[in-house]
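Heads up: the structure comes next, in structure tokens.
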Amino acid sequence: MSPVMLIATLNHNLPIWTDNLVTQLKRDPLFAECELMVVDNGSVEQLAKSTTHKLAQNVYFGGGFNVVLDYFLSTDHEYLYFLNNDLVFHGPSFLTTSLREAKESDAAVYSPSVINASIDQCHWKQMWNWGNGLRETQWVDFQCPLIRRDLLEKIQQYPDELIYGWGLDFYTGCITDQLGLKTIVSDNNTITHMNSLTFKEKKINIGVDEFCRNAETNMNNFFLNSEYKSLYYKLRSHGENYNI
């Protein structure tokens, strides 16, 4: 029987954090029933010990996601759990809880709630822990998304304009909305995201200001010139003004 879930992450010059992520995942008995895909995204330093695939150059978050998605669609896994490599969580049941809650809530997209390891918390307030169990939202920020196969089969590949990674989550929200599928954030299952460590530890050859400028420009240009323009604005407003 094929593993129910492909767990994937990207590493770019942060091998200690990537291997730490895998160590945490291995605490959960469900890990043994999953497939792990650790993609080295053009690192110029030592590879993570857990590396399973290597790219010759950095194709950023969006490009790396498409590499993983292409592989996922060649398998018969039911779910893709795409994790940032700098996540910290307590749970020996992180995977088990995620999969159980996604199935029980019929979520096509599921995410734990997120604490950012900084004074500033996630701009998108639906990702905060509101102490309210399982919450249906319009989209999730792609820090730790668990995505069901039927949705990914509709998406196939994310637009090249979103190579930096900004906008993959909005695009998924747009497709989910069109298909009438459900998106869930869990306040029962919370992770900490160290957030932008490649920039903080100076492990990437592009400055944070230039990266953010390019990512935001590409994202806005794509959505404002697409059929999703009005929905994009709606999803942004949902995240910025979210309350329960």
For the residue pair Thr9 and Asn85, confirm or rule out a side-chain donor-acceptor distance under 3.5 Å.
no
Side chains of Asp70 and Asn66, heavy atoms from C-beta outward: is any pair under 4.5 Å?
no
So do the side chains of Cys34 and Tyr79 get within less than 4.5 Å of each other, counting heavy atoms only?
no
Measuring only between side-chain heavy atoms, which start at C-beta, is Asp141 closer than 4.5 Å to Val114?
no
Considering non-hydrogen atoms only, spot the tightest contact between His77 and Phe72 and give its length.
O-CZ, 3.4 Å
Quick one: does His53's side chain get under 4.5 Å of Val67's, heavy atoms only?
no
Check: Leu10 main-chain N/O paired with Asn41 side-chain donor or acceptor under 3.5 Å:
no
Taking only residues two or more places apart in sequence or in another chain, which ones pass salt bridge (charged side-chain N to carboxylate O under 4.0 Å, His left out) with Lys54?
Asp40
Using a cut-off of 6.0 Å, state whether more than 12 heavy atoms not belonging to Asn132 lie near its atom CG.
yes
Side-chain contact, heavy-atom cut-off 4.5 Å: Cys144 with Leu87?
yes
Side chain to side chain contact (heavy atoms under 4.5 Å, CB included) for Tyr71 and Glu35? Distances and angles first, verdict last.
CA-CA 12 Å; Tyr71 174 75; Glu35 181 179 1; 2.5 Å; yes
Checking the side chain of Asp19 only, and the main-chain atoms of Ser50 only, is there a donor and an acceptor separated by less than 3.5 Å?
yes
Pair Phe142 and Phe82, ring centroids less than 6.0 Å apart:
no
Can you find a heavy atom in the side chain of Val68 that is under 4.5 Å from one in the side chain of Val39?
yes
Around atom CG of Leu179, are there more than 12 heavy atoms from other residues, nucleotides or ligands closer than 6.0 Å?
yes
Should Leu21 and Ile115 be counted in the same cluster of Ile, Leu, Val, Met, Phe, Trp and Tyr side chains packed under 4.5 Å apart?
no
Salt bridge (charged side-chain N to carboxylate O under 4.0 Å, His left out) against Glu78, all qualifying residues, sequence neighbours excluded:
Lys103
Enclosure of Glu104 CD (heavy-atom neighbours >12, cutoff 6.0 Å)
yes
Between Asn11 and Thr51, do the side chains contain an N or O donor and an N or O acceptor separated by less than 3.5 Å?
no
Under 30°, 30 to 60°, or over 60°: which ring-plane class applies to Phe223 and Tyr171, parallel, tilted or perpendicular?
tilted
For Asn188 and Glu101, which I'm curious about, is there any donor-acceptor pair between the side chains at under 3.5 Å?
yes
Given Asn116, Asp86, Asn84, the one that forms side-chain hydrogen bond (donor to acceptor under 3.5 Å, both in side chains) with Gln143:
Asn116
Between Tyr60 and the options Tyr164, Tyr158, Phe65, Trp166, the ring-ring contact (aromatic ring centres under 6.0 Å, His included) test singles out Tyr164
Taking every non-hydrogen atom, the tightest pair across Asn129 and Ser113:
ND2-OG, 3.4 Å
Quick one: do Leu80 and Ile175 end up in the same hydrophobic cluster if we chain Ile, Leu, Val, Met, Phe, Trp and Tyr together by side-chain heavy atoms under 4.5 Å apart?
yes
Regarding Arg148 and the six-membered ring of Tyr110, is the cationic atom NZ or CZ under 6.0 Å from the ring centre and inside 45° of its axis?
no
Centroid-centroid distance, Phe170 to Phe222, less than 6.0 Å
no
In this structure, are over 12 heavy atoms from other groups packed under 6.0 Å from Gln46 atom CD?
no
Any donor-acceptor pair under 3.5 Å from Thr172 side chain to Leu168 backbone:
yes
Cluster check Leu73, Val109: I/L/V/M/F/W/Y, side chain < 4.5 angstrom:
yes
Any heavy-atom pair between the side chains of Trp124 and Tyr242 that's under 4.5 Å?
no
Does the side chain of His123 come within less than 4.5 Å of Glu240's, by heavy atoms?
yes
More than 12 heavy atoms from other groups under 6.0 Å of NZ on Lys234
no
Correct closest heavy-atom pair for Asp28 and Phe94 would be OD2-N, 3.1 Å
